[in-house]
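When reading the values below, keep in mind they use all heavy atoms of this one structure, side chains included, and skip hydrogens, waters and symmetry mates. Whatever order the structure lists them in is the order used to number ligands and atoms, beginning at 1.
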Amino acid sequence: MSDARGVIGLEIHVQLATRTKLFCADDVVHTGAPNTHVCPVCLGLPGALPVPNGRAVELAVRAATLFGCTIHPVSRFVRKSYFYPDLPKGYQITQLHEPLATSGALTLQSGEHVRIRRVHIEEDAGKLLHDRIDGRTAIDLNRCGIPLLEIVTEPDFRTAAAAASFGREIRQLLRYAGVSDCDMELGSLRIDANVSIAGDARTELKNLNSFAHLERAIDEELTRQAGVIQAGGVVTSETLGWDADVQQLRVLRPKESAAEYRYLVEPDLPPLVLSEALVARATADMPELPAVRAARLQRDMAIPAGSARALTASRALADYFETAAANGDQEDPGLGARAASWVLGDVLAWCNANRSGIESYPVPPQSLRTLLLRVGAGGITRAAARQVLKQLEQGTADVDSAMAAAGAGASPDPDVLGRLVDTVISEEAALAARYRAGETQIFGYLMGQLMNKAGTAADPQAAAGLLRSRLDA
Ligand code: MN
């Protein structure tokens, strides 16, 4: 990555997580036979009338509150006319001068403050498919009319890396709040970047369908513009597309001016008026957001900042972790730290190896918790526990059977270890008394006696903890 600097703003489109489309009752689908989820409204047949989807409006308001935007009680839909084969109506219903919400901001975990200029609702277009019919382009209109939220930032980014981290954080936030699944591969999160070297004309970069591409494309464009200016040339306003196959930008078209879109107020829709009830519904069940949740894990469970951030990367992962670490403060003070290290280690390693999310991880968090409590009580070593986890990952139903299958069942359980500690303390009563009187160096000898009795299956750290706690009791 270069460290090229410029003035960068982002336009982010996300598909709102509704069941049906924005102005008709067709199902929102990402797969399935082409052109099977269409109707006169989303095809723009004469006489068909749009009816706004209340849930889409709720989700848009929910998103706008995440950024602390001013939400306008009355906003307006307009028609943006342009000709393209994936747009059967010949226009897109969107919002222009009177958008749903304006002037918000998002403070990133880096502390950087990014201003959000506006948030508005619009409909999606269809999709051109170039790989279905040899030598020809096919059209799938299932996507026509799917509700989109467009989020426009102020040009507050100076580097490609800053723009990409913003993209990642906004994706995390929108997912937490249930606004969108933000799946870039399925196209439910799409980012365009406006890029200029300060004071010069800007170009718009499209089709940035991963954060890596976004970063790469902005970097290339900053470098290209700097080159043009250094050579005494002038940067022209144009729309560029990122071609992922060759990792290059290419010119798509000269940039349209607003006049070319022939905006007009949508005659088939009244102004969008937000009722108080709708706004209340939109924000009622807002979950704890990632930054707050990470701070709570840091504070209440003494999880280091970096781990807390990793554990709260998604709601599902954070939920998994919190279930695995539940009630640690009462039952086992080390449980939180242990659960953090196992979830970020073994559990995520399985997810990465299987290219799946925590949702598909086969071991329920309650089972991991049971296993980690045994590790904490010295009933099983870390290495043996890892074998047990492997058994559970392969489908063994419960921890006891998994321990038997992993051959870890022979290791002393917590009660056994406790009895061994008591035995050592009574056999070495004189030494234990001297330890208690302050000769702490005797601990090592007592520990040796304990490990002789416990054997290699016992976790030395847990055994030491138990011995110390009984000596100090
Ligand atoms: Mn748009």
Less than 4.0 angstrom from a charged side-chain N to a carboxylate O is my criterion; do Glu322 and Arg293 meet it?
yes

Cut-off under 2.8 Å, centre the Mn ion (ligand 1), protein N/O/S atoms
His13 NE2, Glu122 OE2, Glu150 OE1

Pairwise ring-ring contact (aromatic ring centres under 6.0 Å, His included) hits with a residue in residues 125-162, at least two apart:
Phe157-Phe166

Nearest heavy atoms of Val195 and Leu222, plus distance in Å:
CG1-CD2, 3.6 Å

Of the non-hydrogen atoms in Phe23 and Glu123, which two are nearest, and what is the gap between them?
CD1-OE1, 4.0 Å

Take Tyr82 and Tyr84 through the ring pair (Phe, Tyr, Trp, His ring centres under 6.0 Å) test and state the conclusion after the steps.
CA-CA 6 Å; Tyr82 63 95; Tyr84 206 66; 7.0 Å; no

With under 30° as parallel and over 60° as perpendicular, where do the rings of Trp350 and Tyr361 fit, or are they tilted in between?
perpendicular

